[in-house]
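Single-structure report; data block below.
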Number of protein chains: 2
Amino acid sequence: MKESAAKNRILDVASRLFYEQGYNSTGINQIIEEAEIARASLYNHFPSKRDLLTSYIQRAEDIWFEELEAFVGHIKNPKKKLLALFDHRISRQLKFNFGGCRFIKVGAELPNDDLAAFELIDHQKSRLKEYIHQLLLEINPKNELLQNLEMLNETIFLLIEGATVTAGITKNPEALQSAKKIAETLLGQ
Amino acid sequence: MKESAAKNRILDVASRLFYEQGYNSTGINQIIEEAEIARASLYNHFPSKRDLLTSYIQRAEDIWFEELEAFVGHIKNPKKKLLALFDHRISRQLKFNFGGCRFIKVGAELPNDDLAAFELIDHQKSRLKEYIHQLLLEINPKNELLQNLEMLNETIFLLIEGATVTAGITKNPEALQSAKKIAETLLGQ
DNA sequence: GTCTATACGTGGATAGAC
DNA sequence: GTCTATCCACGTATAGAC
């Protein structure tokens, strides 16, 4: 059962606008106009704007990891692959004018008690952390300072998150470049 | 020349609402109602909502560092003081229901080309990083892994940022607690 | 300086024809 | 299923009396 072309067009447009302008600043009117569909068609596929948000976040996670795989999938050396995660972020931030992380951004716009939404966002984050974890298992680094893999895992994850957020504020990739260097140092040779 | 009581009441209310509900989701109407002032009084002090935002961010930075000082000012040992930065964040996130960082949050709501606003946000971040820097100079840690102070400075800063953002998503303090532990390890004994 | 009344746009969402 | 027309609440901001 294939999704209708209209539904996909709505999601494409909404994904772009939610990220570029923000969720709250993007109106239904603009979405239907740019997607070239009727107002009622949108409400046919998505009962409310909030439902569109849910679909947006879930689909964005899938696309995000597909694009990550396209970027790092060809790299065999696990350490190089891990460091390429930083390059992936740098590449994205350059491409998207340093808009920061899509998931963090939408989370910042939502009411704090919308736990369902924060769970969806957390899902992407946990998956990324697990992705790093798997790479660390392959690398099996001998780091005497950060005693165990879990601590190193957390460190690299937090470095990526912190650097992406920072890049979105400073509007330059320096924090991400520094974070990569730090990760490289922590992993040893 | 003292600021009018009305102006301060507006800023108090706006600060609370901008953080709790978001900047875009907070209307002028709610602000004037909760501040108990007339609509035109607000526009007398702030020509537009955007001007109120500017004042909000600047004042929030001042208050933020005042409150930080109140939290860690009594600590003499520089390493303990540095680690208390993490406790400060944990304490704040508990108090504010894991709303995340006030400055990052508002940045996520703004149009990406509002460079004036992002500069104000960056000001708070740079000041925090410099605060960490000064403490590191006092600690003068002998870390053989992270070769120089600047790299350690960046690491700790990014850990704090990443962990605060993460806490705002997971709605629990674990990331901040981990980040503190990591920092402690990196600083050595 | 502070008030009330109001202008005018846009928000999300629904009705009912086709 | 897709369309147009429309509802009503709320958004920011201004006018003009006091």
Side-chain angles (χ1 to χ4, degrees), chain A residues 1-57 59 105-114 116-117 120, chain B residues 1-57 105-114 116-117:
Chain A
M1 191 170 130
K2 159 184 173 306
E3 305 250 48
S4 86
K7 190 168 182 176
N8 267 320
R9 247 194 351 272
I10 294 169
L11 282 166
D12 283 341
V13 169
S15 298
R16 180 168 50 80
L17 296 178
F18 286 171
Y19 182 59
E20 289 179 0
Q21 308 181 342
Y23 171 70
N24 287 318
S25 304
T26 299
I28 296 292
N29 293 318
Q30 189 181 8
I31 295 173
I32 62 172
E33 189 185 328
E34 299 201 16
E36 294 176 296
I37 47 129
R39 177 189 284 328
S41 293
L42 187 148
Y43 280 97
N44 180 39
H45 290 293
F46 304 97
S48 73
K49 193 189 176 188
R50 181 61 184 73
D51 288 283
L52 177 54
L53 174 72
T54 298
S55 295
Y56 159 64
I57 299 176
R59 202 179 77 132
K105 184 170 166 134
V106 74
E109 287 196 75
L110 297 177
N112 211 12
D113 61 352
D114 186 347
L120 294 180
Chain B
M1 191 170 127
K2 160 182 174 300
E3 305 251 48
S4 84
K7 190 168 181 178
N8 267 322
R9 252 200 339 278
I10 294 169
L11 282 167
D12 283 342
V13 170
S15 298
R16 180 168 50 80
L17 296 177
F18 286 172
Y19 182 59
E20 289 179 0
Q21 308 181 343
Y23 170 70
N24 287 319
S25 303
T26 299
I28 296 292
N29 293 319
Q30 190 181 6
I31 295 173
I32 62 171
E33 189 185 328
E34 298 201 16
E36 293 176 295
I37 48 130
R39 178 190 262 11
S41 294
L42 187 148
Y43 281 98
N44 180 39
H45 290 294
F46 305 98
S48 73
K49 192 189 178 189
R50 180 62 183 71
D51 289 282
L52 177 55
L53 175 71
T54 299
S55 294
Y56 159 63
I57 299 176
K105 185 170 166 129
V106 75
E109 286 197 76
L110 297 178
N112 210 11
D113 61 353
D114 187 346

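Because the structure is predicted, anything quoted here is derived from the model rather than measured. Naming: A, B, ... by sequence-line order, numbering from 1 per chain. Reckoned from all heavy atoms, side chains included, excluding hydrogens, waters and symmetry mates.
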> Heavy atom of residues 16-33 of chain A under 4.0 Å from DNA chain D: which residues?
Replying inline: none

> Of all of residues 45-53 of chain A, which get a heavy atom below 4.0 angstrom from DNA chain D, listed by number?
Replying inline: A:H45

>> What I'd like to find out is whether the side chain of A:Y23 reaches to under 4.5 Å of the side chain of A:L52, using heavy atoms alone.
In response: no

> Is any side-chain heavy atom of B:I10 closer than 4.5 Å to a side-chain heavy atom of B:I32?
Replying inline: no

>> Has B:K105 got a side-chain atom pairing as donor or acceptor with B:Y19's backbone, closer than 3.5 angstrom?
In response: yes

> What is the distance, rounded to the nearest whole Å, between atom OH of A:Y43 and atom C1' of D:dT4?
Replying inline: 15 Å

>> Just by distance, no angles: are the side chains of B:D51 and B:T54 close enough, under 3.5 Å, to form a donor-acceptor pair?
In response: no

>> By nearest atom, which of the nucleotides C:dT4, C:dT2, D:dT2 is closest to the B:A40 side chain?
In response: C:dT4

> D:dT2, D:dT12, C:dG1: which one has an atom nearest the side-chain heavy atoms of B:N44?
Replying inline: C:dG1

> More than 12 heavy atoms of other residues, nucleotides or ligands under 6.0 Å from CD of A:Q21: is that the case?
Replying inline: yes

> Where do B:L110 and B:N24 land on the side-chain contact (heavy atoms from CB on, under 4.5 Å) test, with the steps shown first?
Replying inline: CA-CA 9 Å; B:L110 297 178; B:N24 287 319; 5.9 Å; no

>> Quick one, B:R50 with B:D114, criterion side-chain contact (heavy atoms from CB on, under 4.5 Å). Give me CA distance, side-chain angles, the key distance, then yes/no.
In response: CA-CA 11 Å; B:R50 180 62 183 71; B:D114 187 346; 2.8 Å; yes

> Which residue lies toward the 5' end of DNA chain C, A:R39 or B:E36, if each is placed at its nearest nucleotide?
Replying inline: B:E36

> Of all heavy-atom pairs between B:E109 and B:S25, which one has the smallest distance, and what is that distance?
Replying inline: OE1-N, 4.4 Å

